[in-house]
Amino acid sequence: MTTKRILVTGAGGQIGTELVTALRSRYGDANVVATDIQPLPAAIREAGPTARLDVTQADALAELVRRCDIDTIYHMAAILSATGEEKPRLAWNVNIGGLYNVLEVARELGVRRIYNPSSIAAFGPETPKVDTPQETVLRPTTMYGVTKVAGEMLGAYYHRRYGLDVRGIRYPGVISSETLPGGGTTDYAVEIFYEAIRHRRYTCFVRADTVLPMIYMPDCIRATLMLMEADAERLIHAAEYNLASLSFSAGELAAAIARHIPDFVCEYRPDFRQQIADSWPQTIDDSAARMEWGWQPEYDLDGMVADMLAKLTPRLAG
Ligand code: SER
């Protein structure tokens, strides 16, 4: 097997930090270059190569890819949905400008495989909300969603036109214990754990009956690596896989936490993010991912909640 030299953008983000660790243990610390516009955590800096990278700067990206002899890029840098509504121009510039640079540099310098994540935000109010099909209406109402749909299409274009191996998953909201998410609509599903442990109270910014598709980080990382290692011949929908794992309401999540922390109280004060949440599906049909690369989630709601509390409580309590 030839050694893979991997570059990760957005390596300091919620998914990026755990993805870098997983990739390094699989392919070797020295073979995974972690990059971000912000300073990276010490654990990532100390374990392997890192660089500061603004993905909107194509020359800097090209220089790194050339110098480190990169053959695979996991492009995780993005502005998420809530920040995207506050700063639509920034979301466009980073999400579309950054992806365009990654694809162009990959084409010019012979990078073989690109991971280009999409999101449930690619869907919109006209998309069927229950068991959302793989092939369906993609008319998002957020700038983040617009960039995700355009990104899916751009990836497919580079695949068709230049033969670049671009793959991606429409991630549900990601719940994790290591790095906080930032600027997303599904962030409440992570914040609620921190507040429940620290203060026994949380004010949730969506209604209790808001149901969204979610995934726990270990499943999210496993899915990402499974797709990237899948045999290309088996992949029909290479750059836009629906992925299902968990679907629950904010109220059900609060109740699951309260089974461990009985005096936990959750209040609901919806803000502008409610409208974003209401435009997204509740459950996802991921039969293409199951059929084409064998996807199957491991965590259910109670398993995820128990694991989150077991990891966070010793760190936050006291
Ligand atoms: N978690 C993301 C967000 O809320 C969705 O992809 O913006």
Side-chain angles (χ1 to χ4, degrees), residues 9-10 12-19 74-88 90-92 94-96 98-99 115-125 127 129 132 138-152 155 168-194 204-207 210-217 219-221 223-224 227 239-250 253 270-284 286 289 304 308:
T9 71
Q14 185 197 13
I15 303 176
T17 46
E18 298 201 43
L19 182 64
Y74 286 76
H75 179 44
M76 311 308 288
I79 302 293
L80 296 190
S81 59
T83 305
E85 290 314 285
E86 282 157 359
K87 299 175 183 166
L90 178 72
W92 180 266
V94 172
N95 297 5
I96 293 297
L99 175 62
Y115 184 69
N116 172 35
S118 188
S119 159
I120 51 166
F123 305 120
T127 309
K129 282 207 180 310
T132 303
L138 299 177
R139 288 179 179 278
T141 47
T142 61
M143 178 54 94
Y144 175 63
V146 168
T147 66
K148 286 296 164 188
V149 174
E152 286 187 9
I169 289 171
R170 289 175 180 147
Y171 284 134
V174 180
I175 298 169
S176 66
S177 57
E178 301 310 301
T179 305
L180 280 166
T185 300
T186 56
D187 293 11
Y188 64 88
V190 181
E191 288 172 10
I192 192 171
F193 285 95
Y194 285 74
C204 183
F205 56 76
V206 297
R207 285 189 319 270
T210 306
V211 177
L212 285 175
M214 300 278 179
I215 191 168
Y216 191 35
M217 187 62 91
D219 274 339
C220 173
I221 297 292
T224 306
L227 173 60
E240 56 199 28
Y241 283 97
N242 277 9
L243 197 79
S245 183
L246 309 165
S247 276
F248 48 77
S249 69
L253 175 59
D271 65 15
F272 74 102
R273 289 168 283 191
Q274 181 69 54
Q275 210 183 346
I276 301 176
D278 288 343
S279 75
W280 293 348
Q282 299 188 335
T283 59
I284 302 288
D286 63 354
M304 176 274 287
M308 279 290 281

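Remember, it's 1-based here, ligands and their atoms both numbered in the order they're listed.
Using a 4.0 Å cut-off to heavy atoms of L80, the atoms of ligand 1 that qualify are 7 (O). Ligand-side atoms of ligand 1 in range of Y144: 5 (C), 6 (O), 7 (O), range being under 4.0 angstrom from any heavy atom.
Geometrically, ligand 1 and T186 share a nitrogen or oxygen pair separated by less than 3.5 Å.
The proximity of S81 to ligand 1, defined as any non-hydrogen pair under 4.0 Å, involves the side chain as well as the backbone. The proximity of W280 to ligand 1, defined as any non-hydrogen pair under 4.0 Å, is limited to the side chain.
Atom 5 (C) of ligand 1 has its closest protein heavy atom at S119 OG, 3.4 Å. Among all protein heavy atoms, the one lying closest to atom 4 (O) of ligand 1 is T185 N, 2.6 Å.
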Problem - Worked verdict on T185 versus S81 for side-chain hydrogen bond (donor to acceptor under 3.5 Å, both in side chains) - result: CA-CA 6 Å; T185 300; S81 59; 2.7 Å; yes

Practice task
Would you check, one step at a time, whether the test side chain to side chain contact (heavy atoms under 4.5 Å, CB included) holds for T210 with S249?
Solution key: CA-CA 5 Å; T210 306; S249 69; 5.9 Å; no

Exercise for the section: Let me see the working for Q14 and S176 under side-chain hydrogen bond (donor to acceptor under 3.5 Å, both in side chains), right down to the final yes or no. Expected result: CA-CA 8 Å; Q14 185 197 13; S176 66; 3.0 Å; yes

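With sequence neighbours excluded, the residues forming a side-chain contact (heavy atoms from CB on, under 4.5 Å) with E178 are E18, K311, R315, listed by chain and number.
Taking the six-membered ring for Trp and thresholds of 30 and 60 degrees, Y115 and Y74 have ring planes inclined between 30 and 60 degrees apart.
Between E85 and R273, none of the side-chain N atoms (NZ, or NE/NH1/NH2) sits under 4.0 Å from a carboxylate O, so this pair counts as no salt bridge.
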